[in-house]
Structures are given as C-alpha cells and as structure tokens.
Trainee: 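Before I ask anything, let me first share the structure, which is written out below as structure tokens.
Residue numbers start from 1 in every chain, and the chains themselves are labelled A, B, ... in the order their sequence lines are given, proteins ahead of strands.
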2 protein chains.
Amino acid sequence: MNVMPNPLTKDRSATHGSYLRLRDMILTGDLPPGQKLKIEELRSLLDTGASPVREALSLLTSDMLVERIDQRGFRAAPVSKANFEEILALRCMLEEKALRASLAGADSSWEEQLVLAHHRMKKAAQKGDNGFEEAHKAFHMALLANANMPMLERYCAQLYDLNIRYRNLAARGPRYRTRSVQNEHQEILEASLKRDADLAARLLIDHYRNTGNYLSSQMDA
Amino acid sequence: MNVMPNPLTKDRSATHGSYLRLRDMILTGDLPPGQKLKIEELRSLLDTGASPVREALSLLTSDMLVERIDQRGFRAAPVSKANFEEILALRCMLEEKALRASLAGADSSWEEQLVLAHHRMKKAAQKGDNGFEEAHKAFHMALLANANMPMLERYCAQLYDLNIRYRNLAARGPRYRTRSVQNEHQEILEASLKRDADLAARLLIDHYRNTGNYLSSQMDA
DNA sequence: CTGTCAATTAATATCGATATTTTATAAGGG
DNA sequence: CCCTTATAAAATATCGATATTAATTGACAG
C-alpha cells in the first residue's frame, strides 16, 4: 500500500501542479495584473524547478492569463475596461451560440446533467461552501455541454475564467457587493428544460450583462 | 562588430525559432496529424536543447496545433471532419462579427491598409510567389483589423491557421485542385470600401463556405 | 493459445549549473 | 544638468545529466 505524503500534493506532475496554483493565484488576484513573474521567485514559492514553472507559464499564455515577451520573461496579463468589455461581448456572442446548439440537440441525459449541476450549485450556495465557485462554473458549462462543439466550449470556459478574474479583482476593491443571482439561474434552468431557446438565450445574456455592467461601472470609480 | 552567422538564423530565441519551425511543419502537414512528437527527435531535428522544444510545444497547444497529455508527451493535433466543420462554423460566426465591427468604425487609414494588403496579395499571386500565403492571411486580417477587439482578432487568426492546415493536408491528397478566388477577394474588398457591411459579410462567409464545402466533400472520399 | 505479471527499454519530466541578454547603476563628456 | 556610454547586477534562456514514469517485451501460468 502506498501512503500519500500529502493529500494536496497529489499532483500529476510538477508542471501541472504549478499550472493550477499559478492559475488560481492570477484568477484570485493574488498575483495582481501586470505583475512581473520572475522564475526564481515562483520557483521558490512553488518549491519546484525552473522548468516546470516556465512550462506552466507557457501554458497559461493559452488562457490569456499570462503575457510572454520573448527574452524578457512573463507577466500577469494586464486588465483594462476595454478588455473587460470585449470579454463580456464575446461571452454573450459565443455562449448564445453554444446554448442554442446545446438546446437544439437536447436529450434527457443532458437534461439530467443540467438539473444535477444546478442542484449542486444551489446546495453549495446555501451552506456558504467555498466549492460554490466550482459548482457555478460547472452549471454554466453544463448549459453548453450538449453543443457538441469542443472548441466553442473551450473558448467559453476560457472567457468564463477571465470574467471571474475581473469579479475577484473588483471584490478586493472598496464598496463591492454581490448581486443575488440565484433566481436568475433558476429561470435559465427552467427555460432550458422547456427547450425555449429564445427565452433561455435572452435570460443568459441578461444575466451576464447585468453582472457585467455593474462591474464595468465599478471600474470607472 | 558582429557578423551574423546566417541571415535565417536571426532568431530572437531558440524557443521562438523552434516555435515557428514546428508550427510551420504542422501547418504544412510535414508533421502529420496525430503524430507523436518526441522531444529527442525534435531536439536533434531542430538542433537545439530539450527545454526550447518543450516550451515551443507548450506554446503550440495554445494554437490548438499540438495536444499535450500529462506525463506522456505531445502529439500533433488530430484532424476530423467534425473538427473541420466546427472551425468553419466558428470562422463564419466570428469573422462576420469582426468584419462588421471593423466596418462600423472604418476610417481612411484602415481603408488604405486594406487596399495595400489586397494589392500585395494580387501581386504575389501573379508572380506565383511563395509569399502568397502570407499575403493572403494579411489581407484577411486587414479586413478585421479595425474592429478594435484584440481577442476576437486573435481567435480569427487562430482559426485561419487551422483552416489553412486542412487545406494543406487536402492538397497533399489526390485530385485536389484550387478554386480561383481572386475575384471573390476583389468583391469583398469593394463591398468593404463601400462600407456595405451586409454585402461584405455575406461575400466573406460565402467565400469561406465555398472553399469549406469543397474541402469537406474531399474528406468523405 | 491467451491473458497476466515481471523485467527491460524508451521516453518524459525535472533538476542544477551555465551562458546570454536585459536592466540597473555609475562615470564621464557635452 | 542632461544625455550618452561603459560597467555591474539581475534575470532569462538554455544546456546536459538524472530521476521518474510509461510502453514494450518476453516468460509463465491458466
């Protein structure tokens, strides 16, 4: 039998572990936008070698969370209002497309997955679980999961994360308060289960625009 | 004074050079879809170390040209009809959006860049220059360049390359012949210069669908 | 034969050290 | 006093070697 040294260190590889941790630090704002990411610092922070760190950072450039400038290293991707608004616009366009495709081929298996994802999210929200973020993303991805368009889903997942980053950054600032969005989720779920593509798409986009406009207004101040 | 050993070896870094060469080999089909990409082989082929090769491959995963499986290396991204058709669908959706955004804010500076790109492409086509591919991409990107949506443009550039890959792969097969597309480009240019967004978008999408359907039919056979 | 398991081979992932390049610092000339 | 140029420091990029993991082979039992 193999006793595992640390439940958290059940990493598939140093690179993958570094990737997850760095990604998390950027999404939460722990590594602030624009910050220079020095190999040596990260190496000692993550307690690993330079190669895994470099490779993890290279992978994070795919996610547009890290910028790479040849011969002069890496930095956490900068943020701007324009960038946020582009993310919002792209999300509305791509998720609408994906949701409609998902609904078009809806079957009971997908329906059940969706109900399940929604249930888990609600439950996580009630007990103030820190697993809510994960469940929230899972619900939104479940909506699109039946589109059978892997690249489109990948883009949506990427944009989702970028959006969450802005939300987290705003939450660090002053006078930030969360909107209650549980009923919006409920409505989106119900419209989807009724296969009402137009309604579901409208509700989903409104859901994004509402949160988005609030965050956008925060960025002026 | 520093004499440069080889004008082609004016690479900014070994990683960047490897990135460009590997990318080219995958786009041309020189490295066929699904092929295992062994570090040691590529290392000797590119005459560089393992680190630049690994890092270049990591970067190529952003472009969806390379797949990475943790602990078991890299391989050239596989191809399929479904994948091709998703690329085509996404291109039509994203480029239409980008083109309309580009036209919406059209100014004379952008207009001049576009005319220039078109001229260069025509010229390269006439003298059978091998720089045509580059000029062709430049023209299509010039159409979108005024959208002021960097992420959207990046997606379009990515999808353009993936599409070219399929074209190159088809060109290796039997009974492949190129369509004449010069007049289609001319029409797109003229509609854009007239700021006729609806017409330009329709022509652009038809341009893609025509080539796409031809390639798609080849893939059955 | 066929499937399982051990031993071997091959490939990946990682480390530690070094060479190159960039950035910061300081000195000298306009 | 500012700008240019040399020097020193820091950081990146790269190499070569090693440890770890996966794939392969072959022997053995069912």
Trainee: Are A/Asn83 and B/Met151 close enough that some pair of their side-chain heavy atoms sits under 4.5 Å apart?
Mentor: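 With C-beta onward as the side chain, the pair touches.
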Trainee: Nearest whole Å is fine: how far is D/dT12 P from B/His16 NE2?
Mentor: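 About 18 Å, once rounded to whole Å.
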Trainee: Figure out the CD/P separation between A/Glu55 and C/dT12, and round it to whole Å.
Mentor: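 Distance, rounded to whole Å: 12 Å.
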Trainee: Mind running ring pair (Phe, Tyr, Trp, His ring centres under 6.0 Å) on B/His140 and B/His207 for me, showing each step along the way?
Mentor: CA-CA 11 Å; B/His140 276 286; B/His207 176 58; 5.3 Å; yes
Trainee: Only one of B/Arg165, B/Arg154, B/Arg23 clears salt bridge (charged side-chain N to carboxylate O under 4.0 Å, His left out) with B/Asp63; which?
Mentor: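 So the option named by the test is B/Arg23.
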Trainee: How many Å lie between CG on A/Leu37 and P on D/dT12, as a whole number?
Mentor: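 These atoms are roughly 9 Å apart.
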Trainee: Among side-chain atoms of A/Asn168 and A/Thr28, is any donor-acceptor pair under 3.5 angstrom?
Mentor: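 Checked: A/Asn168/A/Thr28 side chains show no N/O donor-acceptor pair below 3.5 Å.
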Trainee: Does D/dC15 have OP1 or OP2 sitting under 4.0 Å from an N or O in the side chain of B/Thr48?
Mentor: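 Answer is yes, contact under 4.0 Å.
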Trainee: Shorter than 3.5 Å, N or O on both sides, protein versus nucleotides 16-24 of chain D: list them out with atom names.
Mentor:
none

Trainee: Do we see a donor-acceptor contact under 3.5 Å between the side chains of B/Tyr208 and B/Asn163?
Mentor: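 There is no such pair between these side chains.
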Trainee: Might you point out which heavy atoms bring A/Leu99 and A/Leu144 nearest each other, and give the distance in Å?
Mentor: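 Here A/Leu99 and A/Leu144 meet closest at N-CD2, 3.8 Å.
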Trainee: Nearest 0.5 Å, please: how far is OG in A/Ser58 from OH in B/Tyr19?
Mentor: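 Between B/Tyr19 OH and A/Ser58 OG, I get 11.0 Å after rounding to 0.5 Å.
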Trainee: May I ask you to evaluate whether A/Arg54 reaches the phosphate of D/dT12, defined as a side-chain N or O under 4.0 Å from OP1 or OP2?
Mentor: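 False: A/Arg54 side-chain N/O out of range (4.0 Å or more) of D/dT12 OP1/OP2.
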Trainee: How long is the line joining CD1 of A/Ile39 and C1' of C/dC15, in whole Å?
Mentor: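 So the two atoms are 15 Å apart, to the nearest Å.
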Trainee: Grab the NZ-P distance between A/Lys38 and D/dA13 for me, whole Å please.
Mentor: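 Interatomic distance, NZ of A/Lys38 to P of D/dA13: 14 Å.
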Trainee: Will you find, in the side chains of B/Glu85 and B/Ser216, an N or O donor that is under 3.5 Å from an N or O acceptor?
Mentor: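 Looking only at side-chain atoms, B/Ser216 and B/Glu85 do form a donor-acceptor pair, the distance falling under 3.5 Å.
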Trainee: What integer distance in Å separates B/Leu42:CG from D/dT14:P?
Mentor: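 So the CG-P distance, B/Leu42 to D/dT14, works out to 16 Å.
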Trainee: Under 4.0 Å from any atom of DNA chain D, heavy atoms only: list the residues of residues 61-69 of chain A that qualify, in numerical order.
Mentor: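 Heavy-atom cutoff 4.0 Å gives A/Ile69.
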Trainee: According to a strict under-4.0 Å criterion, is A/Thr15 in side-chain N/O contact with OP1 or OP2 of C/dT14?
Mentor: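 For A/Thr15, the contact criterion (side-chain N or O under 4.0 Å from OP1 or OP2 of C/dT14) is met.
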Trainee: Remember a base hit wins even if backbone is also touched, and classify A/Leu57 as base, sugar-phosphate or nothing at under 4.0 Å, heavy atoms.
Mentor: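 Touches nothing.
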Trainee: Does A/Lys36 place a side-chain N or O at less than 4.0 Å from the phosphate oxygens OP1/OP2 of D/dA11?
Mentor: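 No.
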Trainee: Test B/Thr15 against every option in B/Leu20, B/Leu59, B/Thr48 by the side chain to side chain contact (heavy atoms under 4.5 Å, CB included) rule and name the one that passes.
Mentor: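 The single option meeting the side chain to side chain contact (heavy atoms under 4.5 Å, CB included) with B/Thr15 is B/Leu59.
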